[in-house]
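Only this structure's heavy atoms are used, side chains among them; waters, hydrogens and symmetry mates stay out.
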Amino acid sequence: MSKDKSTAKPRGKTPAESRPTQSVAETPPPGIFRTHPTAVALVFLVLSLLVFFSPMVFSGKVFLPPDNIASMSHRPYLDEVKATGEYPLWTPYLFSGMPSLGSLIAAPGTNPFSTLLAPLGPRLKPIAWYFLIGLFTFLLARRRVESRFAALMAAVAFVYCTHVIGWVMAGHNSKLATTVFLPVILLTADRLMEKPGPVNWSLMALAVGLSIVTSHMQITYYALLSAGLLMVFLTVSLLRAGKKPVHVGLAWALFGLAVVAGLGASAVVSLPVTEYSHWSIRGAEGAGLTREYATNWSFHPAEILTFFIPSFFGFGNATYWGWMPFTEAPNYMGILPLFLAILGAVLCWKDRLTKFLVALGVIGLFVSFGKEFPILYDPLFNLLPMFNKFRVPSMALILTQLAVALLAALAIDALARSANDVEHRTRTATFKRVLMIFGAILLAAGLYTMAAKGSIIGSATPRIGAPAAAEAAAMAGRNFLLVLVFFTVGAGVLWG
């Protein structure tokens, strides 16, 4: 794939440079985004995070959700590790005693990335995790788009998705740390399929191992399934392009070996977890979780409305009145990224990667339905190895959210490139059609929200009480107006 040539330097002297002397340059120097586009993109990502988390960075504030407070009970155990230099395999401070590594309650010193970032302290370390998520999403997008701006938008869209950016506020730092390696595993799988060899094999094995030691097995599981799905699509593409089957077979063999090597490299975590699972509710008597317990946090299809109007079912916590027991925030991905993702799917449909991203997004969405879509979830729960050890089906939406961010980057890249006038006119016509259809859906959702305030209050009151229900209905109305403004302005800029 051709890369951005904006930074290439011309060889030899131009006619202007050959002239004797001039007091003023005839051609102004290029802007910094043209000379150092990647550096500017990453600096922008860092600055945006510092601004967003400015109370943490500059005012010394921290989040104190229940999960963070509960983790403080591990402090005596961790202090004991530091004082003795030994690693107790048993912590007596919870449930009258419990395995430490096996239950993933505490695993100090097993995550090299976490150790590397430890000097940043509890306030800056989560921000570093977010930067790494953005960095690796940027690099993954750059594999397929020429525009660094488009790749930056993919990184920003994924990092600032409410599901992802809200993890630090809920104390879900293990999710945050493991999600760093979701784009990395996809990136290395892509590289491995393109050029199977020791370097790409080693990178993938390292990514798998590091993902496991971050201690959120469910996200790692989804990442590996996603990588396998990507390789299926790339296999079809390469074979149709005339690639030799031996090349594809080697890539698949190295993929399997990389997973095995990653499991081996992370055995300090993976083996105790496997051993203890037989004694926990996730694996007693050879079974997994009960279906009822595993599917408590199923994402109801009606909550797809929150993709357009984030507060339609409240904005988490006291105002949430949807089908899950509770949630911290809606799964809102941004109205413009969502629109651009649909546009990218239409504009770039012929690309095999686009088909993969659409499939990934749809699969993530349907798996997240859990008990609300048993025709898919039940076979996975009963037949897919290890799947019945995971709860919170809505966690699968992380795949949909990454797919939306990457599809949005494809749309921006496609709009920025015009091989000729005919292609430009075709893309413009497609843009207008998608804009009108998406705008009509958004307007319909918004008008329904405005008209159904009384119904929202009536439905939410039994769950959260009248005051919170009234606040939820008011938020939904305000959200629609804000979303409409953002979408109108953003679509206008894109149209221009």
Side-chain angles (χ1 to χ4, degrees), residues 67 94-95 98-105 107 163 167 172 174-175 177-179 181-182 185 208-209 211-230 232 255-256 259-260 262-264 266-267 269-301 303 322-327 331 359-402:
D67 282 10
L94 291 174
F95 302 114
M98 195 168 187
S100 55
L101 278 177
S103 62
L104 297 179
I105 284 178
H163 185 202
W167 279 339
H172 296 171
S174 63
K175 294 178 184 177
T178 309
T179 300
F181 298 99
L182 171 58
I185 289 174
V208 173
S211 179
I212 292 172
V213 297
T214 53
S215 300
H216 201 285
M217 301 298 183
Q218 187 172 5
I219 292 178
T220 300
Y221 192 90
Y222 289 159
L224 292 175
L225 288 180
S226 302
L229 181 65
L230 172 61
V232 168
F255 173 73
V259 174
V260 172
L263 286 168
S266 61
V269 170
S270 58
L271 287 182
V273 169
T274 302
E275 182 181 3
Y276 177 63
S277 69
H278 300 299
W279 301 93
S280 75
I281 62 172
R282 297 179 186 267
E285 299 180 359
L289 296 170
T290 64
R291 183 182 179 278
E292 180 181 1
Y293 180 74
T295 58
N296 272 340
W297 271 266
S298 296
F299 184 74
H300 195 282
E303 293 194 48
W323 283 263
M324 292 181 280
F326 60 85
T327 188
N331 284 280
L360 182 66
V362 171
I363 289 172
L365 178 62
F366 277 76
V367 171
S368 76
F369 291 157
K371 63 183 178 184
E372 310 296 344
F373 194 62
I375 192 172
L376 172 65
Y377 188 83
D378 284 357
L380 295 177
F381 186 80
N382 293 322
L383 301 175
L384 202 61
M386 308 294 289
F387 193 88
N388 61 6
K389 298 186 183 299
F390 303 125
R391 64 190 188 103
V392 190
S394 60
M395 183 60 60
L397 285 172
I398 192 68
L399 305 179
T400 305
Q401 290 147 0
L402 179 60

Can you list the residues that meet the side-chain contact (heavy atoms from CB on, under 4.5 Å) rule with [X], with sequence neighbours excluded?
X      : value
Leu230 : Leu186, Ala189, Asp190, Leu234, Leu353, Phe356
Leu271 : Ala267
Val260 : none
Leu263 : Ile212, Val259

Could you list the residues that satisfy side chain to side chain donor-acceptor pair (under 3.5 Å) with [X], not counting sequence neighbours?
X      : answer
Tyr377 : none
Ser298 : none
Lys175 : His172
Glu372 : none

Query - Over 12 non-hydrogen atoms of neighbours within 6.0 angstrom of CG in Leu383 - result: yes
Run the side-chain donor-acceptor check on residues 392-402: report pairs under 3.5 Å with partners two or more places apart or on a different chain.
{"from": "Ser394", "atom 1": "OG", "to": "Trp297", "atom 2": "O", "distance (Å)": "3.2"}
{"from": "Thr400", "atom 1": "OG1", "to": "Gly361", "atom 2": "O", "distance (Å)": "2.8"}
{"from": "Thr400", "atom 1": "OG1", "to": "Leu365", "atom 2": "N", "distance (Å)": "3.0"}
{"from": "Gln401", "atom 1": "OE1", "to": "His163", "atom 2": "ND1", "distance (Å)": "2.9"}
{"from": "Gln401", "atom 1": "NE2", "to": "His163", "atom 2": "ND1", "distance (Å)": "3.3"}
{"from": "Gln401", "atom 1": "NE2", "to": "Asn331", "atom 2": "OD1", "distance (Å)": "3.1"}

Report summary line: Rounded to the nearest 0.5 Å, the NZ atom of Lys389 sits from the CD atom of Gln218 at a distance of 13.0 Å
Query raised in the report: Looking only at heavy atoms, what is the nearest atom pair of Asn296 and Pro325, with distance?
Result: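 Between these two residues, the closest heavy atoms are O-CD, 3.1 Å.
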Report task. Show your working on side chain to side chain contact (heavy atoms under 4.5 Å, CB included) between Asp378 and Arg291 and close with a plain yes or no. Result -> CA-CA 9 Å; Asp378 284 357; Arg291 183 182 179 278; 2.8 Å; yes
Query raised in the report: Considering residues at least two apart in sequence or located in another chain, which fulfil the ring pair (Phe, Tyr, Trp, His ring centres under 6.0 Å) criterion with Phe366?
Result: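 For Phe366 the ring pair (Phe, Tyr, Trp, His ring centres under 6.0 Å) partners, ignoring immediate neighbours, are Phe369, Phe373.
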Query raised in the report: Under 3.5 Å, is there a donor-acceptor pair linking the side chains of Ser215 and Ser174?
Result: no
